Amino acid sequence: MIRLYNTMTRSTDPFTPMEEGRVGLYTCGPTVYNYAHIGNLRTYIFEDLLRRTLEAEGYEVNHVMNVTDVGHLVSDSDTGEDKMEVGVAREGITAREIADKYWAAFRRDLERLNIVEPTTWCRATEYIGEQIDLAKRMEGAGFTYALEDGIYFDTSKLPDYGKLARLDLEGLQAGARVEMVAGKRNPTDFAVWKFSPTDQKRQMEWESPWGIGFPGWHLECSAMSLKHLGEQFDIHCGGVDHVAVHHTNEIAQVESVTGKEWVRWWMHGEFLVLPKTDEDESKMSKSSGNFITMESLVERRIDPLAYRYFCMGAHYRAPLTFTWEGLDGAANALDRLRRRVAAIRTDRPGRVLDEPLTAFREACRDDLNTPRALAALWNVLRDERADGADQYATLLEMDRILGLGIDSMAEVEAEVDGEIERLVAERDDARSRKDFAEADRLRDEITARGYLLEDTPEGTKVRPG
RNA sequence: GGCGGCAUAGCCAAGUGGCUAAGGCAGAGGACUGCAAAUCCUUUAUCCCCGGUUCGAAUCCGGGUGCCGCCUCCA
């Protein structure tokens, strides 16, 4: 039995799917107007761990992820520019090209992090018809009203509006400091369909019963998950920042027309935060430019999987402070794991060790407690009495969830050119003559070129520095 | 102002009433080595503060203090 924290109930509850053996999972995907940053990616790592845990428990997971390629405004108060159009203005290519470019970049990030792709991707622009249909149903049920700039959802008509975030609607009213779109009936009302501005031509706009325009950004997730997962499904995930606005409004759009509970489990990943400095806010955000991409990690010769390991060191519901020092620590741990695995791996079939595997699986089942799961992993390697083949078999089993690529871990030997090879040979020669001063001098020379040496019974090995 | 989260070793981070408070990184000592590296062993915690409940609290309750997130684009 898996126990998962549910934002709706604010408690960790035993998970049971609607349909025996199958899980419907929707995860909010990227807005593809720029590269994802490692904070975004932390959430996708969490969702991957969820999916892998469900699959390891024997569930067949129907995993749907959206790609937002339209309609996401710079401001959530339904004002400002469309982010995609911002990308267009910045790079001078079409919106479609922007979307394709950053979606491809996103998928490359997922691949590098060993994140399993969703079973279904859906692009918002390919579901405009479905979104309009859903808006029409809301209109038919009397939940919408028209303003000059768009069709709005009247949140006061839904008695339990805001239940996910436990919004204090009165308090919001009093504390509202965000400029409200003129004519909105309630501060929480949001646009379902926005009209194109009359004075400019948008790259992305569509005909609708209400006029030419584009969908509000909450609409796509509602419409696409309805289409792929039905009027009720098991789990919907995203970042914590989506609780109060995005998911709250998605719920309103769906439940207003179906009249029944839509999603059974809401799960939210906490933020990756940067150490606070005087200048910068600690949060990483795409819009402020205060962000680190996967690419910049790779440029620093940091293994993307070290970032995956780093994230697994903390529970997904706790904020995690990102530091380069912390990431280096994770990279060191992963390197050590690699060497240990390389040392024990064998083609000889092994038997999975029950005790550590049970501890590991229990940790995963307990609301994805990866820090505890990693402790179980290290305990496998600490047990001296265990047979190497058995240890390896156990680690492979754990890796179905961890996704660290244990099956391909091998001793890392550096690729060396003739020059390095010659220096190594000279040093070996000096050592055999017991000319250690010369040997050490040569080692320094090799080290200075970015390689580490290991003298082993099998000879001198060269590792990347 | 409203809502929510967090405070455990040098760092990251599990642990939500009961043996000697996981695990990782970094550090120290030792074994091994010509010296290293790698590996192995050993070692590192007044659980933010003050009250309270209890036979017993890091864990529950009350009050502080500090930090962070959301309500603004956000994962």
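Quick caveat: nothing in here was measured; it's all calculated off a predicted structure. Reminder, nothing fancy here: chain letters follow the sequence lines and each chain counts from 1.
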Could you work out which one of [options] sits closest to the side chain of [X]?
X	options	value
Arg340(A)	A75(B), A14(B), C40(B)	C40(B)
Asp241(A)	G34(B), U39(B), A75(B)	A75(B)
Leu320(A)	A13(B), A75(B), G15(B)	A13(B)

Atom [atom1] of [X] and atom [atom2] of [N]: how far apart are they, to the nearest Å?
X	N	atom1	atom2	answer
Leu453(A)	G34(B)	CG	P	16 Å
Tyr316(A)	A13(B)	OH	P	17 Å
Tyr35(A)	A75(B)	OH	P	16 Å
Trp217(A)	U72(B)	CH2	C1'	13 Å
Ile344(A)	U39(B)	CD1	P	13 Å
Leu452(A)	C35(B)	CG	C1'	15 Å
Glu454(A)	C35(B)	CD	P	17 Å
Phe322(A)	A75(B)	CZ	P	18 Å

Hydrogens and angles aside, do [X] and [Y] bring a side-chain donor and acceptor to less than 3.5 Å of each other?
X	Y	value
Glu454(A)	Thr460(A)	no
His268(A)	His247(A)	yes
Asp335(A)	Asn332(A)	no
Asp13(A)	Ser11(A)	yes
Tyr26(A)	Asp234(A)	no

N or O in side chain of Asn369(A) less than 4.0 angstrom from A13(B) OP1/OP2: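 For Asn369(A), the contact criterion (side-chain N or O under 4.0 Å from OP1 or OP2 of A13(B)) is not met.
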Distance test, side-chain N/O of Arg463(A) to OP1/OP2 of A37(B), below 4.0 Å: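 No, Arg463(A) has no side-chain N/O under 4.0 Å of OP1/OP2 on A37(B).
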Just to verify, what does [X] make a side-chain contact (heavy atoms from CB on, under 4.5 Å) with, not counting sequence neighbours?
X	answer
Glu270(A)	Arg42(A), Val240(A), Pro319(A)
Asp241(A)	Phe271(A)
Tyr127(A)	Cys122(A), Glu130(A), Gln131(A), Met224(A), Lys227(A), His228(A)
Asp390(A)	Arg351(A), Leu353(A), Asp387(A)

Inter-nucleotide [atom1] distance ([N], [M]), Å rounded:
N	M	atom1	result
C11(B)	U72(B)	C1'	33 Å
G64(B)	G1(B)	P	14 Å
A26(B)	C41(B)	P	15 Å
A38(B)	A31(B)	C1'	14 Å
G23(B)	C50(B)	P	29 Å
G63(B)	C71(B)	P	28 Å
C70(B)	U59(B)	P	29 Å
G18(B)	A7(B)	C1'	24 Å

Sequence-distant partners of Tyr307(A), ring-ring contact (aromatic ring centres under 6.0 Å, His included), two or more places apart: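 Tyr307(A) satisfies ring-ring contact (aromatic ring centres under 6.0 Å, His included) with no residue once adjacent residues are dropped.
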Partner set under side chain to side chain donor-acceptor pair (under 3.5 Å) for Glu362(A), not counting sequence neighbours: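 Partners of Glu362(A) by the side chain to side chain donor-acceptor pair (under 3.5 Å) criterion, ordered by chain and then number, come out as Arg365(A).
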Sugar-phosphate, base or nothing in reach of [X], heavy atoms under 4.0 Å:
X	result
His315(A)	sugar-phosphate
Gly269(A)	nothing
Arg339(A)	sugar-phosphate

Tyr5(A) six-ring centre to Arg317(A) NZ/CZ under 6.0 Å and within 45° of normal: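 Judged by the rule (NZ or CZ under 6.0 Å from the ring centre, within 45° of its axis), Arg317(A) counts as positioned above Tyr5(A).
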Trp103(A) six-ring centre to Arg107(A) NZ/CZ under 6.0 Å and within 45° of normal: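 The answer is yes, since Arg107(A) meets both limits relative to Trp103(A).
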Using purine N1 to pyrimidine N3 plus N6-O4 or O6-N4 for Watson-Crick, or N1-O2 and O6-N3 for G-U wobble, each under 3.5 Å, what pairs with [N]?
N	value
G18(B)	C55(B)
G69(B)	C3(B)
G34(B)	none
C48(B)	G64(B)
G10(B)	C25(B)

Please list, pair by pair, any protein nitrogen or oxygen found under 3.5 Å from a nitrogen or oxygen in nucleotides 3-8 of chain B.
none

Residue pairs, two or more places apart or on separate chains, that pass salt bridge (charged side-chain N to carboxylate O under 4.0 Å, His left out) and touch residues 304-316 of chain A: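 For residues 304-316 of chain A, and leaving out neighbouring residues, the salt bridge (charged side-chain N to carboxylate O under 4.0 Å, His left out) pairs sorted by first residue read Asp48(A)-Arg308(A).
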Parallel, tilted or perpendicular: rings of His236(A) and Trp262(A) (30°, 60°):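 Judged by the thresholds at 30° and 60°, the geometry between Trp262(A) and His236(A) is perpendicular.
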Members of residues 423-445 of chain A that approach RNA chain B, where some heavy atom sits under 4.0 Å away: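 The answer is Arg427(A), Arg431(A), Phe436(A), Asp440(A), Arg443(A).
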Close approaches to RNA chain B from residues 101-116 of chain A, in residue order (heavy atom, under 4.0 Å):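 Within this stretch, nothing sits under 4.0 Å of the strand.
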RNA chain B: 5'-proximal contact among Asp335(A) and Gly239(A) (nearest heavy atom):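 Its nucleotide being nearer the 5' end, the pick is Asp335(A).
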Result block: side-chain N/O donor-acceptor pairs under 3.5 angstrom for residues 322-330 of chain A, not counting sequence neighbours:
unit_1    : atom_1 : unit_2    : atom_2 : d
Thr323(A) : OG1    : Gly326(A) : N      : 2.9

Ring centres under 6.0 angstrom apart (Tyr102(A), Tyr33(A)):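 That pair fails the under 6.0 Å test.
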Between protein and nucleotides 19-26 of chain B, what N or O pairs are separated by less than 3.5 Å?
unit_1 : atom_1 : unit_2    : atom_2 : d
G23(B) : O3'    : Arg382(A) : NH2    : 3.2
G24(B) : OP1    : Arg382(A) : NH2    : 2.8
C25(B) : OP1    : Arg336(A) : NH1    : 2.9
C25(B) : OP2    : Arg336(A) : NH1    : 3.3
C25(B) : O3'    : Asn332(A) : ND2    : 3.4
A26(B) : OP1    : Asn332(A) : ND2    : 2.9

